[in-house]
Every structure is written in C-alpha cells, then in structure tokens.
Amino acid sequence: MSNLKQSVTAIKGIGEEIGQQLQEMNIFTIEDLLLYFPYRYEDYRLRDLADVKHEERVTVEGKVHSEPSLSYFGKKRSRLTFRVLVGRYLIKVVCFNQPYHKNKLTLQQPITLTGKWDQHRQTITVSEISFSPYSKTNDVEPVYSTKGKINVKGMRRFIALALQQYSEDLEETLPSMFLKKYKLLSIREAIETIHNPHSHDSLKHARRRFVYEEFLLFQLKMQALRKVEREQSGGIAQDIDSVRLDRFINELPFPLTNAQNRVVNEILNDLKSPFRMNRLLQGDVGSGKTVVAAIALYASILAGYQGALMVPTEILAEQHVASLKELFAPYEINVELLTSSIKGKKRRETLEKLADGVIHIIVGTHALIQDEVHFKKLGIVITDEQHRFGVEQRRVLREKGESPDVLFMTATPIPRTLAITVFGEMDVSIIDEMPAGRKQIETYWVKHDLLDRVLGFIEKELKAGRQAYVICPLIEESDKLDVQNAIDVHSILTHHFKEQWQVGLMHGRLSSHEKDQVMKLFSINEVQILVSTTVVEVGVNVPNATVMVIYDAERFGLSQLHQLRGRVGRGREQSYCILLADPKSEVGKERMKIMTETTDGFELSERDLELRGPGDFFGKKQSGMPEFKIADMVHDYRALEVARDDATKLIQSKEFWTYPEFLPLRNHLKTSGVLSGEKLD
Ligand code: ADP
Ligand code: MG
C-alpha cells in the first residue's frame, strides 16, 4: 500500500479529533487531503481601486480616516464601520463580527484591507484587516471550502503538514513524454503549487498540468469505451453493391454537395467495416441530411438488410415517409410508417411485414422500440434529432437487430467542445456546407409593442403569395398555459386577418388526425398563417413559407430559435425571421442580438455555450455531462483537443497496454469502472 493511502491521522500533528472532522468533509486518506484543492484564491496583490470592478475582491492599503463606530445586533453579531483614505479615494469600511479591531484603530494608522469592493457605495466589506505594513510574502493564498470546526486557516495548516511529510510519496501519473512535450509540472511540484502558489504565474502553470491530466484521463475513458464498443459489439460487415448505389446517387434530382459526399463516404466505410458504426452526423437545418440518410438506408438494403429511421414526432415521421417514398419511387423499396396512432389491423399487418422482411424501411417515433416490434434482419438504425432520445431508448433499439450500425443525426449544432466530451465515444461527421443557391434568412428583433407593424409585414408577404409561421413558446407539451398562448394568438390573428387569410392552429394537444389536417392545409396553401407551439420545430418542410414570427423569443434557447428559424428559407424566395421579445437581462438582449447577427448554427451554438455554460446547454434532459474539478470545457478547449488526440493515439498503441510508464493511466481506466480491464488487454 502506498503511504498516501494511510489515514490522515498518520500525519504528525493530525490527531483523532481532527481526523474525525476531516472525515466529515470526505477526506479520509493523506492522498484525499493532498488532492483537496482550493476552490478559489485570495488575491493579495495591491490594486488601484480605479481598476477594480464592482463586487470584486481586492486588497488595498490606506490610512484610517475616522473614528470607528461599533454596533451590536444579537449577542455575538457586530458591525464595525470607519473610513479609510486609499490613495485619492475616501472609502467606507464595513467589518462584521470582529469587534476586537475597534481598539486598535487610531487616526492616521496605516492599514491593509482585504474584502469585497462595492463600487456604487464606495465601500469595502472586509474579511481581513492587517495593521502591520503590507508584508505578504505571497500574492495569492488558497481558500478551501470547509465544514464544521475546521476553518480555512486550519485547512492550510493540515495540508502544509501533509506536504512536508508526504509530498515525496506522490507518484507521477503522467508519462514523462507528455510532461516534456507540454512542459508540465511534475505531480509533486503541481500539488505543492496549487496549495501554495508563489505567484499568479506559478498557479497558472500548476493549473495547466491538472487541466491536461483531467482531460487526458477523461478522454482515455471515452476512447477506451469506443474501442470496446467497436470491437466487442460484433458489428456486421455489410456488403454494398456500389454500382447500384452510385446509380441511385446519380439519379437524385441534384448533385450532392462536397460535404454530403464526404459524410456519405464516412458512413459507407462504417457500414462495410466489421465494427459497428456509432456515428454522429451533424448538419445545420437544411444542409441535406435526409438524402444522406436515404443513401445509407439504401446501401444497407442493397446488402440485404432492413433499416429503421426513428424521429421524435409523428409529424416528422410522416414527412420522412413522404420524402423517402418520393426518393425511392423509381425503385422497389418498401417504406412504411409506424407510430403509436397506427392501431388495430393496420398495425398488425405492418408488424408482420416487418418481421417477414417485406418492409425495407420503417419510419417511426418511439413506438419503434416497443417489445412487439421485430425485424427480420435489421442492418441500420438512424435517429433524427438524436439529442431528444434518451440513451436508454437508443440502446433498446440497437439491441433489436443483431448489431445494427447506428447513425445519429442532429440539426442542433453541438459546439465542438461538447461534441468531443458528451459524444466523445462516437465518431463525428459534419455537413458544413449548404446546397448552392440558398438565400440567407434575414432576422430582426422587435419589441412586442411593434406587433402591428409585424402583422403589416406578414400581410405584405401573404399578398405576394407566401405563407407565415407564428410560434408561441411552449416548453413542455403538456403545459396547459402554453397551449392557451397559442390559442389566444390564433384568435387574435384570426380576428385581425378576418376572412382575407386563413389562420391555422397547431399544438401538442391536437389529435394526430387534427394535426395532419392542419399541416396538409398549410402545405397546399389553403392555410396561409400557421400559429403553432414548438411542435413544428423539427423537420417540417413547407418551402413556400417565408416568414417566421416567434413570440416571447427570449424564452427559447439559441439553438431552439435557430431550429425554428430553419423552417423558413427552404425555397427560392427571400425569407425572414422576426423575434418578438422584451428581454430583461443583458444576457437575454445579447442572445437576441446574436440571432440577428449570424445564421451559422455552429457559431450560434458556440456562443450559446459561452452564455449558458455547459451544464445548461442541453437543458435538464441531457445527462452525462462530465464534471471536471479544475478544467473548464469551454475555456480550456485547446487542452481538451490535445488530450483527445493523445488519448486516441495511446489507446491504439501497443505500448500503452504494455509499457510500465503507462501503468498509472491503465490503472485509472480499470478503477474508473468504465471497463473491466482484462477485456482490453
Ligand atoms: P436537413 O434535414 O438537413 O435539415 P433536408 O434533408 O430536409 O435538410 O434538405 C433540405 C432541402 O434541401 C430539401 O428540400 C432537399 O431536397 C434539398 N437538398 C438536399 N441536398 C441538396 C443538394 N445537394 N443540392 C440541392 N438541394 C439539396
Ligand atoms: Mg431533417
């Protein structure tokens, strides 16, 4: 057993009592204690108050300028206030619960204060006062989160003891090749510095090491998982008839874009390989993912298999069936729909034909993953709008076939950062090019009180023969209030446009028959304005619609707004997106502004991530977001990329699995529980 695995009480100077208290903080071993990192640092560099932002913590030097006044509230709580001249600033100082300072405060006395600066009130609420002339040897001191009887000073002391007695026992975890290559501190230097930085620069240097280490360990896990998935899930090597497939591609109504060609090749290679495909296909709205899916499905069918296409809504399922039937019209390909509203005889027939292999492609919602559904020979599963599916649902569907190849498609551009963390175990293909001749959608942000002008604008477009969507926020489909929203807006617009234009209403509470009716009328321009909740968000395709109005746009995330906007701009005509929003916060305003500035989904997603932070990016539904102790996925993105490349190479190399230098990393993989180690060797 390594010395560091001993209880903290093995440290000279830490007895049973403190040991107990440390346990309360989940610190059991010496190693736990050494790895208990500060959550922030007190910055003791002297600053000029002119440079200090509101609510920032700061250390300043000055002279006492007024008699102190002390007031008590309750038995133990007190408030001491006085004035201090700091450079040219006469500021107020507030100090809670340290009444003993009062007697030491004399006029003109030099004083050093550390605390939080309130710029508006010109006040520092201090946490530390020092009367000796400024004499800190360290600019920065660690602040630990503590519990119970242990305070920050205590923690500093215990960790110092641990470092004095045991830092030599710290064993390097990173291979020396990486330490050299990236000029990283050794584990011992880095841990000593994290707890005891001499300067901000040295702290940065120590932090770099841990950022890289965290990312490398994380990516090793992901890449190892990927290796196991590929090699042990017994994929199928599909034998593709490339002559017939090429003929199909050549007879499409349009040539593929370069990006489409590239991803088609990536997918076909996966299908042919004996490993199971586990690929994420990202492409902005309108980039032409459907045809890529069709090619993949056809390839698999030519190899003698069936394909399944799974989508989040019934409307989308029906649209996909329609467009696939059209694409495959000249070929003998059987495309069928299976949703939960297909019942009785029709359902039984569909299930039978699926089991007999008569159906080549089945398109459906989550109904596809129910127990009663069986395939004859499932070769490929494609899910559209992948992030809406739970991990569990994907697994169940995958397990229906032998080991079908799996392609996840998403139009929500996932920031690079998240693509390689959350989806780190997948291969990623990106369609980063739009079919030629698309016009940019013009986006405007207006306040709700300009609704009249917006309605005037809609009317102008309608007179030119176009159509419009009006979207009302709906966060959850079951939310009564939101449905009410759409109903209200529908009645306002119906009243406004009278007999002249038809206004349709669409929301999640309608039966699928009713939804169908409305969509049909809208798609043949019998209805000119469609008021809807976000059910139209994904996939709906009515090229004649050129106006997208979004009510209360501040309630949507940027990615969702981008999705909604993608419902227009699908035809030849110039399209417009109008965001009705009165955001209160600065972030809210910033988000509306970003929407008007770019139509590039990837750029939007990056900026959304910056504004919201990784935890919020996918909303509550997405779990599996990794948490890092020191690293920050957004700001340390470069390191993340480097670590990923290194991890990929390591996992594939023989040396990694055999050389002693990599033993600590291998052990980490085994103990992390991602793998049962021996499978990998
Ligand atoms: P996505 O699903 O990626 O949002 P779609 O597959 O619905 O996009 O494609 C949007 C439109 O672009 C469809 O009408 C489709 O027929 C058309 N399209 C796809 N690929 C091309 C291409 N290479 N050239 C021209 N039009 C294309
Ligand atoms: Mg699509």
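We count ligands from 1, going down the list as the structure has it; atoms in each ligand are counted the same way. Count residues from 1 along the sequence.
- Less than 6.0 angstrom separates the ring centroid of Y298 from the ring centroid of Y331.
- Remark: the Y444 side chain and the E442 side chain contain an N/O donor-acceptor pair separated by less than 3.5 Å.
- Checking T290, L256, T257 against atom 7 (O) of ligand 1, the nearest heavy atom belongs to T290.
- In D284, the part holding a heavy atom less than 4.0 Å from any atom of ligand 1 is the backbone.
- Residue contacts with ligand 1 include R570, since one of its heavy atoms falls under 4.0 Å from the ligand.
- A donor-acceptor contact under 3.5 angstrom links the side chains of E314 and S341, judged on distance only.
- With rounding to the nearest 0.5 Å, the separation of CZ in R466 from CG in N544 is 6.0 Å.
- Under the side chain to side chain donor-acceptor pair (under 3.5 Å) criterion, D552 pairs with H448, not counting sequence neighbours.
- Among P253, S287, G288, G283, the residue whose heavy atom lies closest to atom 9 (O) of ligand 1 is G288.
- For P255, the closest heavy-atom approach to ligand 1 falls below 4.0 Å.
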